[in-house]
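Encoded as structure tokens, the structure appears first; notes follow it.
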Amino acid sequence: MLQLAFIRNNKEKVVEALKKKNFKDLELIEKIIEADDNRKNLQFQSDEKLAQRNTASKDIGALLAQGKKEEAEAKKQEVSALKASIDEISGKLAETEALLEGLLLRLPNLPNDLVPTGLTAEDNEVVRTHGDIPKLYEGAVPHWDLITKYDLVDFQTGVKITGSGFALYKGRGAKLQRALIQYFLDYNIAAGYTEYVPPHVVNYASAFGTGQLPDKEGQMYHMALDDLYLIPTAEVPITNIYRDEIIPAAELPKKMTAYTPCFRREAGSFGKDVRGLNRVHQFDKVEIVCITHAAESYAVLEQMVEHVERLIQSLNLPYRILRLCGGDMGFASAMTYDFEVYSTAQERWLEVSSVSNFETFQTNRMKIRTKDENGKSQLLHTLNGSSLALPRILASLLENNQTEKGIIIPEVLRPYFGADIIS
RNA sequence: GGAGACUUGUCCGAGUGGUUGAAGGAGCACGCCUGGAAAGUGUGUAUACCUCCAAAGGGUAUCGAGGGUUCGAAUCCCUCAGUCUCCGCCA
């Protein structure tokens, strides 16, 4: 959620930035300012009436203490008369506040100046490409065949247990998955991130805080009986650790990491994109989240990109880094880098990480602040990224490392996996 | 799941209808004291919004959350959430 004061003071800038994000409803800005004017006006009226009531009530107390009953009664009548207009104004005020909030929630975050102009994934900027695409042997196959061949993941039984898009990892497949998680977490911890195991289920306020609600309601699994949501990413519980908190400047930046399963309904997805491990309803992911001073957030974003990049390099996977264009970015993000690894047998890039700076978009909703040197509270910036999403890493790793003898396990994983090949 | 107790500021803790945004204490900050420190002592120490060019000042709201009663609610009533104790169930 954008800050009202910023919108009011930078109207033209906001409109220009929204155009870059391919946001059409530009009249919204005027509507917001109008609603805010109304709100201020109503609040002023309401405050005035309430102040009248408060002083009168105090007078009544004083009169009663002096035993002046009749005067007190007269005052009571006076205040009673005030009540109707107080109710009317505060009703209007509440309405206007709700309207304003509703309008503000429709505004996406503004893209950073560095974000390229563009509408679709075609317009994303390739920042760099790294690693050689391996030449596979003649009988090389996509990962969905490899997992069957080596008995690593069983989709049919996943369907039986739950439904399509739920995978049953098995034997060496399960262990490889666990090895990756362990390796990723250790790597993050070594870089100064604090590990958490958060709840995998969150309430409305948490899902609202990071921006999943109200807009993306259909993307999350909702448990109606308890009104709770399965997390679509660890970002949600982890960022919400500091919801409604003022973090002392000395404790910044906060660097957190967590492994969690992620649950996504993926309504509307179909076709070859969803084949095998490419897109599933439940997947494992190790996430990193940072909370920083506004002035440092872009430096932190670059650090996070470098951090994720070294992790992918350590697995010897060919990858490229994209800076998403305005039209392809998420609603809440000010700048996003996507990491894609090459899936050699499928001959396509698979997104395995998305690293974003949300600036104050989330902290404004969550009221995550710090105190500046003047003692004034300032919204902090939040950032997060995957390090990494497991299924597509697994897919790419299986496809790129397949040989006639079996699948070669990258060196860094061998201590965790306990073997150097799956044969 | 059943019964009961509880939820106040950074923390502890007082407060059962009337200048209580909230006693007292601790912590913290600044000053005095000191060669320096401790002790002592003085002052200050929430958040949001409105008013204002800004500052100062003023106003409003907030005592778990939401609603209600009342001229007036931290205090009374209702709903919900959480914490603790006992019972039940259970990995």
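Chain letters run A, B, ... following the sequence lines, proteins first, then strands; residues in each count from 1.
Within the structure, side-chain hydrogen bond (donor to acceptor under 3.5 Å, both in side chains) pairs that include any residue of residues 410-423 of chain A comprise A/Asp186-A/Tyr416 (at least two apart or interchain). Residue pairs meeting the ring pair (Phe, Tyr, Trp, His ring centres under 6.0 Å) criterion with at least one member in residues 151-170 of chain A, sequence neighbours excluded, are A/Phe166-A/His281.
A/Lys40 comes within 4.0 angstrom of the backbone, heavy atoms only, and of no base. Among the atoms of the strands shown, only primed sugar atoms or phosphate atoms (P, OP1, OP2) are found under 4.0 Å from some heavy atom of A/Ile246.
In this structure A/Asp113 satisfies the side chain to side chain contact (heavy atoms under 4.5 Å, CB included) test with no other residue, sequence neighbours excluded. Not a single ring pair (Phe, Tyr, Trp, His ring centres under 6.0 Å) links A/Phe358 to another residue, sequence neighbours left out. Every residue meeting the side chain to side chain contact (heavy atoms under 4.5 Å, CB included) condition with A/Glu97, not counting sequence neighbours, appears here in chain and number order: A/Arg39, A/Leu93. For the side chain to side chain donor-acceptor pair (under 3.5 Å) test, residues two or more places apart in sequence or in another chain that qualify with A/Gln378 are A/Asp372. Scanning for side chain to side chain contact (heavy atoms under 4.5 Å, CB included) contacts around A/Phe44 gives A/Glu48, with sequence neighbours left out. Among residues two or more places apart in sequence or in another chain, the side chain to side chain contact (heavy atoms under 4.5 Å, CB included) test is passed with A/Asp244 by A/Lys367. When the salt bridge (Lys or Arg N to Asp or Glu O under 4.0 Å) test is applied to A/Glu125, the partners found at least two apart in sequence or on another chain are A/Arg323.
In this entry the distance linking CG of A/Asp227 with P of B/C80 reads 15 Å, nearest Å. Separating the CD1 atom of A/Ile89 from the C1' atom of B/C50 is a distance of 14 Å, rounded to the nearest angstrom. The separation between A/Lys83 atom NZ and B/U69 atom P is 6 Å, rounded to whole Å. In this structure, A/Asn9 atom CG and B/A54 atom P are separated by 10 Å, rounded to whole Å. At whole-Å resolution of the value, CG in A/Asp244 and C1' in B/U10 are 16 Å apart. B/U70 atom C1' lies 17 Å from atom NZ of A/Lys75, rounded to whole Å. A/Met1 has its CE atom 14 Å from the P atom of B/A48, to the nearest Å. One interatomic measurement links the two molecules: CG of A/Asn41 to P of B/C50, which rounds to 13 Å at whole-angstrom precision.
Comparing A/Lys367 and A/Gln77 by the nucleotide of RNA chain B that holds the closest heavy atom to each, the one mapping nearer the 5' end is A/Lys367.
Atom P of B/C77 sits at a distance of 12 Å from the matching atom of B/C6, rounded to the whole Å. Straight-line distance between the P atoms of B/C63 and B/A22: roughly 14 Å, to the nearest whole Å. Taking atom P in both B/A26 and B/U20, one finds a spacing of 22 Å when rounded to whole Å. Only the C1' atoms considered, B/U69 is 31 Å distant from B/G58, to the nearest whole Å. Remark: the separation of the P atoms in B/C33 and B/G27 is 22 Å, to the nearest Å. Comparing the P positions of B/U45 and B/U34 gives a spacing of 28 Å, expressed to the nearest Å. For the P atoms, the distance from B/U43 to B/C53 is 35 Å, rounded to whole Å. Separation of the C1' atoms belonging to B/A23 and B/U16 is 16 Å when rounded to the nearest angstrom.
A/Thr360 pairs with exactly one of A/His381, A/Gln3, A/Arg365, A/Arg369 by the side chain to side chain donor-acceptor pair (under 3.5 Å) rule, that one being A/Gln3.
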Exercise. Using Watson-Crick or G-U wobble pairs with both distances under 3.5 Å, give me RNA chain B in dot-bracket, 5' to 3', with [ ] for crossers and | for pairs to another strand.
Key: ((((((((.[[[..)..(.....]]]((((((.......))))))((((((.....)))))).[[[[[..)....]]]]])))))))....

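For B/C49, the OP1/OP2 oxygens have no side-chain nitrogen or oxygen of A/Arg39 closer than 4.0 Å.
Annotation for A/Thr210 and A/Gln362: closest pair O-NE2, 3.1 Å, computed over non-hydrogen atoms.
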At a cut-off of 3.5 Å, list every protein nitrogen or oxygen paired with a nitrogen or oxygen from nucleotides 56-66 of chain B, distance to 0.1 Å.
from: B/G59; atom 1: N2; to: A/Asp47; atom 2: OD2; distance (Å): 2.9
from: B/U60; atom 1: OP1; to: A/Asn54; atom 2: ND2; distance (Å): 3.3
from: B/U60; atom 1: O2'; to: A/Asp47; atom 2: OD1; distance (Å): 3.2
from: B/A61; atom 1: OP2; to: A/Asn54; atom 2: ND2; distance (Å): 3.4

Please list, pair by pair, any protein nitrogen or oxygen found under 3.5 Å from a nitrogen or oxygen in nucleotides 18-22 of chain B.
from: B/G18; atom 1: N2; to: A/Ser57; atom 2: O; distance (Å): 2.9

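A salt bridge between A/Asp154 and A/Lys170 is absent, with no side-chain N of the basic residue lying under 4.0 Å from a carboxylate O of the acidic one. A salt bridge between A/Glu16 and A/Lys20 is absent, with no side-chain N of the basic residue lying under 4.0 Å from a carboxylate O of the acidic one.
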